[in-house]
Amino acid sequence: MDSSDQNILEVEDLGVSFDGFKAVDGFNFYLAPNTVQVIIGPNGAGKTTVLDLICGKTAATEGKINFQGKELRGEREYRIVRMGIGRKFQNPSIYENLTVFENLELSHPRGRGVFGCLLFRRTEEVMDRCLSVAKTIGLDECLDQEAGILSHGQKQWLEIGMLLMQRPKVIMLDEPVAGMSVKERTKTAELIREISKDRSVIVIEHDMEFVREIADRVTVMHMGQVISEGSMERVSNDPKVIEVYIGH
Ligand code: ADP
Ligand code: MG
C-alpha cells in the first residue's frame with residue numbers, strides 16, 4: 001500500500017540515531033482506519049523505538065509522521081495523546097490502590113490537569129462511559145475491586161480500558177500478551193478485534209499464533225527498516241522474512 005487519503009496515519013522516511021547508530025532508518029508505514037496492523041521482527045529491530053517516535057517519547061531525526069492530516073513530529077507527548085493516539089507500555093501503569101472504576105474515571109479526558117480535577121464531577125455521562133469501557137475489557141463485574149489484586153491479564157486489560165476512555169483513533173500496544181496465560185491471550189485477541197471496529201490498533205508481537213489471530217496486516221522490521229509487508233500469509237512466505245528469522 002502507498003500514500004492515500006484514506007490512511008489515518010502515514011509515516012514516511014522516519015529515522016532516529018542514537019550516538020550515530022540508526023535504530024530506525026527510512027521507515028515507512030501506512031495505517032488504514034479500523035485495522036489491526038502488527039509489527040514483528042527480531043529483538044533490536046527498532047519496533048519499540050517506532051512507537052516511541054510516533055507517540056513523541058523520542059524525537060525523530062528524519063522523516064514525517066502524518067496523523068489525520070496533521071504533522072506529529074515536534075509535538076509534545078501529551079498533545080499527541082489528546083490528538084487521539086494512545087500508547088500502552090510493556091509494564092502497566094495503573095493505580096494499584098485505586099479501584100477499577102476509579103482507574104477508569106481518572107482516565108476520562110475531563111479529569112485532566114489541575115483545573116480539570118478540581119472541576120471534575122462524577123456525572124452520569126462519566127459513569128456510563130466507565131461502565132461501557134469496563135464491559136468492553138471484561139471487568140464490569142469487578143468495578144469496586146482494587147486494581148492491585150487483579151490478575152496479570154486483567155491489569156493489562158484495565159490499562160487498555162484507560163486508553164479507551166480517551167476515545168483514541170489509534171491505539172499502540174507493545175507486546176500485550178507477554179506473561180499471559182493461554183486463556184488470557186484468547187481474551188486479549190478478542191478484545192483487540194473488538195476495539196478495532198472503530199479505531200486502528202498497532203500491535204508489536206512475537207507470538208506468531210497470536211499475530212495470526214489478530215492481524216489484518218503485518219509489517220516486518222529488521223535493522224530499523226521494513227523488509228516485508230502484507231497479510232500474514234504473504235509475509236510468512238516471503239524469503240527475506242524467512243531468512244531473517246532463521247538467521248536469528
Ligand atoms: P525492538 O523493540 O525491536 O526489540 P528497540 O526499538 O527497543 O527494538 O531497539 C532498537 C535498537 O535501538 C536497539 O539496538 C536498542 O538498543 C537501541 N535503542 C533503543 N532506544 C534507545 C535509546 N534511547 N538510546 C540508545 N539506544 C537505544
Ligand atoms: Mg521492543
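Numbering starts at 1 and runs along the sequence shown. Ligands are counted one by one from 1 in listed order, and the atoms in each one are counted from 1 as well.
Nearest heavy atom pair, residue L104 against residue G161, reads CD2-C, 3.7 Å.
Looking at atom 12 (O) of ligand 1, its nearest protein heavy atom turns out to be A23 CB, 3.3 Å. In terms of protein heavy-atom proximity, atom 7 (O) of ligand 1 is closest to T48 CB, 3.8 Å. Annotation: atom 27 (C) of ligand 1 to nearest protein heavy atom, F18 CD1, 3.3 Å. Among all non-hydrogen protein atoms, the one lying nearest atom 4 (O) of ligand 1 is G44 N, 2.8 Å.
Assignment of G41 to the shell around ligand 1 is not supported, since no heavy atom sits closer than 4.0 Å.
Less than 4.0 angstrom separates atom 15 (C) of ligand 1 from none of the non-hydrogen atoms of the protein. Atom 20 (N) of ligand 1 is flagged as protein-proximal [any protein heavy atom, distance under 4.0 Å].
In this structure, a donor-acceptor pair under 3.5 Å is present between the side chains of D174 and T48. Defined by atom type and a distance below 3.5 Å, a donor-acceptor pair is present between the side-chain atoms of T219 and Q37.
For A45, a nitrogen or oxygen atom sits less than 3.5 Å from a nitrogen or oxygen atom of ligand 1, counting backbone and side chain alike. The distance criterion of under 3.5 Å between nitrogen or oxygen atoms is not met by F21 with respect to ligand 1.
Among the atoms of T48, an N, O or S atom is found under 2.8 Å from the Mg ion (ligand 2).
Exactly one residue among E184, E146, E96 makes a salt bridge (Lys or Arg N to Asp or Glu O under 4.0 Å) with K155. That residue is E96. Checking M172, K47, K57 one by one against D52, the side chain to side chain contact (heavy atoms under 4.5 Å, CB included) holds for a single residue, K57.
Among T49, V50, I39, T58, the residue whose heavy atom lies closest to atom 5 (P) of ligand 1 is T49.
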